[in-house]
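Report on one structure; see the data block that follows.
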Amino acid sequence: MTAWTRRRLLTSAATAVSAAGLAATAARPARAASATARPGDADVADALRALPGLRLIEERQDAEAGYRHFVLGLRQPVDHTNPDAGTFEQRLTLLHTAADRPTVLFSTGYQAVLTPRRTEPAVLLGANQLQVEHRYFGTSRPSDPGYAHLTVRQAADDHHRVVRLFRRLYPGAWLSTGGSKGGMASVYHRRFHPHDVTGTVVYSAPNNVDDRDDSAYLRFLETVGTPDAREALKAAQRAILLRRTEMVARYEGWAAATGDTFRLVGSADKALEIAVLRAPFMFWQRGTPADVAAIPGPGATADELYTWLDDTAGLALYADTTARHYIPYWYQIGTQLGYVSVPTAHLAGLLRHPGAIEPRSFVPRDIPLRFDRGAMPDIDRWVRRRGSRLLFVHGTQDPSVAEHFRPGGPDSRVLWVPGGNHGADLADLSPADRKSAEDTLVRWAGQEYLTHTLDT
């Protein structure tokens, strides 16, 4: 997960909503043979231990007032359609405030983050928050070779089992949320299990319906910002590649000093080219108009060019230490999610590695990549025709949403943050849109007893 995505996903609103401690509520009847946990009869830690297949790994002492922070492990099927395929333990985290509060299901799309920060919906509703680490990321890794069971449906079924289990402790309203790839996972969960939660808030989620057609991304990158800003980015790309030998030597020197290598991508030369190609996309994804002035101009030194590229495209991402952690991400990109294309005409004669930014560059050759062309159109059709109670929040400057979800079901909408990037939040919306969004969340949660939270 990129640093700026992590910051946005985990940023809480300025005003925290305090809540009562563990409330006495009767849990819903258990669906399994084991005894039903009743959090009103015992400490929440005991109630968690009573849930079948759940392991309480630790209770951390870092939660804000009114919350308890638990790290959990849930035994999940490797293949939800085949019990004989075995199981793995999926990492969860829980920020518990009270059993009679709403619960927010938070999807990261990547590994779980242990920093105990609440999402905007959790803050607004004074809710419990259950974070789900995506299968094959972090510690949630099945032992089977390859990633054959890393699909949007399998991950959606993981989320479904999480909701069914934890409803025994939290029988009230459930909402879901996530940003970027986590937002995508939230949508996919709703597509296959639309009634698990009442509504979903999705931030900055791409929707690459047809991986063969990347024209929307190309048009976006050729029109975003000002002509001067776009030209400055192209000039910086060219300047770096014209000094490729010097740049690669510096990159290799960094790798040698840190003990890193480029075996997965193939070479520092190819890794540098990938970073250069991705730089404009990543610049607009997390940058602001104020950052345009920092783009190296004519006469920039090699040090200035290298530092800017590193700051913009994250050179460590393409070396083995970091890149190997994201093999499952690129596997998903290469088998179902799809990826983007970027403009290259201005780099004619300077590129050496055809297809450098394709997913195969980041997935070992012994792992098959067979693209499922039906996966994303299926999701898109559901969102357009039946996707209800979906709230999408995007920034107008974010190239990730050049292709975005267009919900057609009831009580769904897309809200835009003018000039916003990949970190767009409800808090960044216009006052009218923000109030509308917050009112929608409260209405979805059905909280007649939560009306006080908006005045807190």
Inset, instruction - Measure the acute angle between the ring planes of Y147 and Y331, then classify it against the limits of 30° and 60° as parallel, tilted or perpendicular. - result: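 Ring orientation of Y147 relative to Y331: tilted.
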
Say whether [X] and [Y], considering side chains only, have a donor N or O and an acceptor N or O under 3.5 Å apart.
X: Q131; Y: T108; answer: no
X: Y136; Y: Q332; answer: no
X: D158; Y: H189; answer: no

Within the distance-only criterion (no hydrogens, no angle test), does the side chain of [X] pair as donor or acceptor with the backbone N or O of [Y] below 3.5 angstrom?
X: N128; Y: A98; result: yes
X: R406; Y: R384; result: no
X: S412; Y: G387; result: yes
X: D211; Y: Y339; result: yes
X: Q336; Y: D372; result: no
X: D411; Y: S388; result: no
X: T223; Y: F220; result: yes
X: E133; Y: S140; result: yes
X: T440; Y: S436; result: yes
X: E222; Y: R230; result: no

Legend entry - From CA spacing to verdict: side chain to side chain contact (heavy atoms under 4.5 Å, CB included), R190, R389: CA-CA 10 Å; R190 287 291 306 281; R389 298 182 307 281; 4.0 Å; yes

Within the 4.5 Å heavy-atom criterion, are [X] and [Y] side-chain neighbours or not?
X: T200; Y: V187; value: no
X: P328; Y: R141; value: yes
X: R212; Y: R373; value: yes
X: Y318; Y: L272; value: no
X: D428; Y: D425; value: yes
X: Y217; Y: N208; value: yes
X: F281; Y: S400; value: yes
X: M184; Y: V152; value: no

Legend entry - Sole residue of R161, H159, H160 in side chain to side chain donor-acceptor pair (under 3.5 Å) with D196: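 In the set R161, H159, H160, the residue that makes a side chain to side chain donor-acceptor pair (under 3.5 Å) with D196 is H160.
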
Inset, instruction - Scan H80, H193, Q76 and name whichever one has a side chain to side chain donor-acceptor pair (under 3.5 Å) with D157. - result: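 Passing option: H193.
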
Separation between [atom1] of [X] and [atom2] of [Y], rounded to the nearest 0.5 Å:
X: L150; Y: T335; atom1: CG; atom2: OG1; value: 6.5 Å
X: D291; Y: W284; atom1: CG; atom2: CH2; value: 9.0 Å
X: I333; Y: F362; atom1: CD1; atom2: CZ; value: 11.0 Å

Taking all non-hydrogen atoms of both residues into account, name the closest pair between [X] and [Y] and its distance.
X: R168; Y: L51; answer: CD-CD2, 4.0 Å
X: V401; Y: G395; answer: CG2-O, 3.9 Å
X: I295; Y: A229; answer: CD1-O, 4.2 Å
X: L337; Y: M376; answer: CD2-CE, 3.9 Å

Inset, instruction - Report yes or no: is the cationic atom of K270 (NZ for Lys, CZ for Arg) under 6.0 Å from the centre of the six-membered ring of F262, at an angle within 45° of the ring normal? - result: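 No.
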
Legend entry - Test log, rule side chain to side chain donor-acceptor pair (under 3.5 Å), inputs Q129 and T119: CA-CA 8 Å; Q129 179 173 290; T119 58; 2.9 Å; yes

Inset, instruction - Give a yes or no on whether the ring-centroid distance for Y170 and H96 is below 6.0 angstrom. - result: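 Centroid separation for Y170 and H96: below 6.0 Å.
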
Inset, instruction - Examine F192 together with W382 and report whether their ring centres are nearer than 6.0 Å. - result: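 Aromatic pair excluded; centres sit 6.0 Å or further apart.
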
Inset, instruction - Might you confirm whether atom CZ of R60 has over 12 heavy atoms from other residues, nucleotides or ligands at distances under 6.0 Å? - result: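 It does: R60 CZ has more than 12 such atoms within range.
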
Inset, instruction - Go through the steps to decide whether K181 and Y329 satisfy the test side chain to side chain contact (heavy atoms under 4.5 Å, CB included), and finish with yes or no. - result: CA-CA 9 Å; K181 188 172 178 292; Y329 163 75; 3.7 Å; yes

Inset, instruction - Assess whether side chain to side chain donor-acceptor pair (under 3.5 Å) is satisfied between T226 and D228, documenting all intermediate values. - result: CA-CA 5 Å; T226 66; D228 287 347; 5.4 Å; no

Inset, instruction - Please determine if R219 and E403 form a salt bridge, counting it only when a charged side-chain N lies under 4.0 Å from a carboxylate O. - result: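 Not counted as a salt bridge, because no side-chain N and carboxylate O are separated by less than 4.0 Å.
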
Inset, instruction - Decide yes or no on side chain to side chain contact (heavy atoms under 4.5 Å, CB included) for D378 and R191, but give the supporting numbers first. - result: CA-CA 9 Å; D378 171 74; R191 187 275 176 250; 2.7 Å; yes

Inset, instruction - Could you give me the CA-CA distance, side-chain angles and deciding distance for L56 and L72, then say whether side chain to side chain contact (heavy atoms under 4.5 Å, CB included) is met? - result: CA-CA 5 Å; L56 199 165; L72 310 167; 4.0 Å; yes

